[in-house]
Enquirer: 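Encoded as structure tokens, here's the structure I'll be asking about.
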Amino acid sequence: MVAGVLIELSNRNIDRVFDYNVPAYLISKIKIGMRVVVPFSRLHLEGFVLELKDKSEVDNLKEIEKIVDQDIFLNQEQILLGRLMKEDTLSTLISCYQVMLPKALKASINSNVSKKYDTFYKLSDKEFTKLNKTQQQIIDKIKKEGEIKRSAALNISSSSLNTLLKKEILIPFKKEHYRLKHTANNRTIHKLTSEQRQVVTNILESKAQTHLIYGVTGSGKTEVYMELIDYYLKQGKTAIMLVPEISLTPQMIRRFEERFSSSIAALHSALSDGEKYDEYRRIYRGEVSIVIGARSAVFAPLKNLGIIIIDEEHSDSYKQDAMNPRYDTLTVATHRADFNNAKIVLGSATPSLESFARAQKNVYNLLCLPHRINGKNLPHIEIVDMNKEVKYIKGHFSRLLLQKIKEKKQKHEQIILLLNRRGYASFLTCKNCGYTVKCPNCDITLTYHKSSNNLRCHYCGYAEKYLTTCPNCGEKALNDLGVGTEKVEEELLDLIPDLKILRMDFDTTSRKGMHKKIIESFRKHEYDVLLGTQIVAKGLDFDKVTLVGIINADTSLNIPDFRSSENTFSLLSQTSGRSGRSKETGEVIIQTYNKDHYAIKYASTHDYLGFYNKEMSIRRTLKYPPYYYLLYLRVSSKDNNYLLKEATKIKNTLKNRLSATIVLGPTPCNIFKKNLKYRYSIVLKYKKEENLKELLNKIIDYYKSNKNITIDLDFNPIHFD
Ligand code: ADP
Ligand code: ZN
């Protein structure tokens, strides 16, 4: 027997199966999808068995050395999915399989992350008489339950346990134990409102594969998800519930556990490798029927999937873009839905333009939940024009925001403050008038490059000299804006010394478990204020929050990205949605230098449709998604001159061969030099281009043995760095 093995090295040169003989003693054990060790040049490498056949075209085959894992291997669906992902992303096939499996399944890590076992005892068939009281207690428990756990026996009496073992009345055995505890809870099921019920019925009766629930914050989307999942579980099917990131998970898991008891597994980045390993195996063994998790949970090896839910579908965390394969979760979900004949439900208070446009064209089935539960009003939003406030501003705080914070504290209500900040981009904003320097061709913010001391557009390459005087108001007030939460916390404490402030940002949440702790202590009202970055916008549900303050609405407007207005609108709407969720109407204060910007105006009137229509007209004019698809092609090399030459060659090839595509660049990437490599990008805008992938594959092929050039492809890119 011969096995075709895909080697675990992400190198385009060897991204195909190599044939190996299967030794006789492995023939009965080996299966397609299993991980094996094979000799490869002079190394011993792991790989996946993708084919099993009688013979090979190749002579003198080497032999498979061993099987890595008998229990867990890629199933038929996963093997197919990997091939589809390779077509979607043009990544290596091996990277597509690797992303499906938790890290801990790799042998190299396996040595640290192992299965954990508990010792149990059962009765042997040895005769016994004359037992003392505690020995009898142990025996009784085993008779009743069939076995006893070591810790339980020790609790009764360690000397009795030892005696019973010495006399061989008890035999020890080991049982695997999972690191995470899943507790069953009492079920609390809300009776759905008629609006919610209609949405559920419509989704279940509709023939569409993909459904979009556009429901305002607090409209009861999560209850709808649970009801749908409940339906599929009763049909004997399984469900995947995706959430943007860990910040949402603790609350979501709690609600799901309350309703569905213990058949839930959670996969997210706050778990240790060992915990992930355990959860993965529970799922794999069919012990679980619901998986909740972030992006990668879309790969959970559940069988017989009935439904995949993608909550807060607009979130950029659903795109993997930092490394290959650069997949988007919805596309993967769609393949899985095809395979399983399952439904996909997207939900958001601010759907992405792409999704809403598809719903408008009836590609997706659109469902609306326009009201908050129990007729609660959406919060009242007030805009503070920081231009007029300049004279009075203390640190970052307007008079109104400070006064409201004091008021809420006095009333024992809670406050969420958002410091709108994204790390990577540096851009110039006028402190005096709020003007930001933009590219005349692309309508995105120019990025400040310190090394060359100029401002550049990283879409089209336009550049101009670094300014200090604002071209709008003439003041010498252009400044690189960048503040951290720590600084704002200090300021606020100076202004209101007895305020209890809890910070939540990347620094305070990076340690394991911290995120959950922060949420819990804020829920218990140990703090007045939760101050954080974008992370506080995400679906948190706190009863006592009646004020949300957005310290600087403008920063996300100025990110050099064609989605900056959409992201700002959605950030403001989502953050506002944290206010007044249970008590009286909440309040929101937005501080901005751009009070007339449409993203801010529409957010302040809760007008998603208004925003959608305005933004769509801009996207149409500028040929951006959802009217056009984008491909971000990045070429990198240590040799800048060589790189520019090759990048230009690639650009010309693309331009000459693709008739229906706009090809921009090459232009230096936002991060021009990374890991000693220079980087240029080429951006493609296209609607329909039959030969695109074929041509890209040829280009990749042409360079695959060239060690001096790396090509990265990102279809439907989210970030442009
Ligand atoms: P969303 O996901 O749209 O933000 P949630 O599902 O979190 O909304 O619902 C908001 C609040 O309303 C939650 O506290 C939830 O428990 C409650 N809720 C949702 N549906 C109902 C219902 N049918 N009856 C009573 N309370 C409900
Ligand atoms: Zn430009």
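Values below: all heavy atoms of this structure, side chains included; hydrogens, waters and symmetry mates excluded. Remember, it's 1-based here, ligands and their atoms both numbered in the order they're listed.
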Enquirer: Touching ligand 1 at all, Ser219? Heavy atoms, strictly under 4.0 Å?
Expert: yes
Enquirer: Check this for me, if you would: do Asp230 and Lys234 make a salt bridge, where the nitrogen-to-carboxylate-oxygen distance has to be below 4.0 angstrom?
Expert: yes
Enquirer: Kindly indicate whether the side chain of Ile264, heavy atoms from C-beta on, has any atom under 4.5 Å from the side chain of Ile292.
Expert: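 When only atoms from C-beta onward are counted, Ile292 and Ile264 do touch, with a gap below 4.5 Å.
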Enquirer: Grab the two heavy atoms, one from Gln196 and one from Gly220, that are nearest each other, plus how far apart they are.
Expert: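 What the structure gives for the nearest pair is NE2-O, 3.0 Å.
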Enquirer: Between His190 and ligand 1, find which residue part has any heavy-atom pair under 4.0 Å and reply side chain, backbone, both or neither.
Expert: side chain
Enquirer: Looking only at protein heavy atoms, which one is nearest to atom 9 (O) of ligand 1, and what is the separation?
Expert: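 Ranking protein heavy atoms by distance from atom 9 (O) of ligand 1, first comes Gly220 CA, 3.5 Å.
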Enquirer: So that I know where these two stand, are Tyr214 and Tyr608 an aromatic pair - ring centroids less than 6.0 Å apart?
Expert: yes
Enquirer: To which protein heavy atom is atom 1 (P) of ligand 1 closest, and what is the distance rounded to 0.1 Å?
Expert: Lys221 N, 3.5 Å
Enquirer: Are Phe715 and Tyr629 close enough that their ring centers fall under 6.0 Å?
Expert: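 Centroid distance Phe715-Tyr629: not below 6.0 Å, so no.
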Enquirer: Is the gap between the ring centers of Phe569 and Phe611 under 6.0 Å?
Expert: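 Centroid distance Phe569-Phe611: below 6.0 Å, so yes.
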Enquirer: Among all protein heavy atoms, pick the one closest to atom 2 (O) of ligand 1 and tell me residue, atom and distance.
Expert: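 The closest one turns out to be Thr222 OG1, 2.8 Å.
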Enquirer: Please confirm whether Arg372 approaches ligand 1 to less than 4.0 Å, judged on its heavy atoms.
Expert: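 Per 4.0 Å heavy-atom rule, Arg372 does not contact ligand 1.
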Enquirer: Looking only at protein heavy atoms, which one is nearest to atom 4 (O) of ligand 1, and what is the separation?
Expert: Gly218 N, 2.9 Å
Enquirer: Determine the minimum heavy-atom distance between His335 and Asp88, stating which atoms define it.
Expert: NE2-OD2, 2.7 Å
Enquirer: Which of the numbered atoms in ligand 1 are under 4.0 angstrom from any heavy atom belonging to Thr193?
Expert: 23 (N)
Enquirer: How far is atom 11 (C) of ligand 1 from its nearest protein heavy atom, and which residue and atom is that?
Expert: Asp541 OD2, 4.3 Å
Enquirer: Taking heavy atoms and a distance under 4.0 Å, where does Ile373 meet ligand 1: side chain, backbone, both or neither?
Expert: side chain
Enquirer: Which residue supplies the protein heavy atom nearest to atom 15 (C) of ligand 1, what is that atom called, and how far is it?
Expert: Arg255 NH2, 3.7 Å
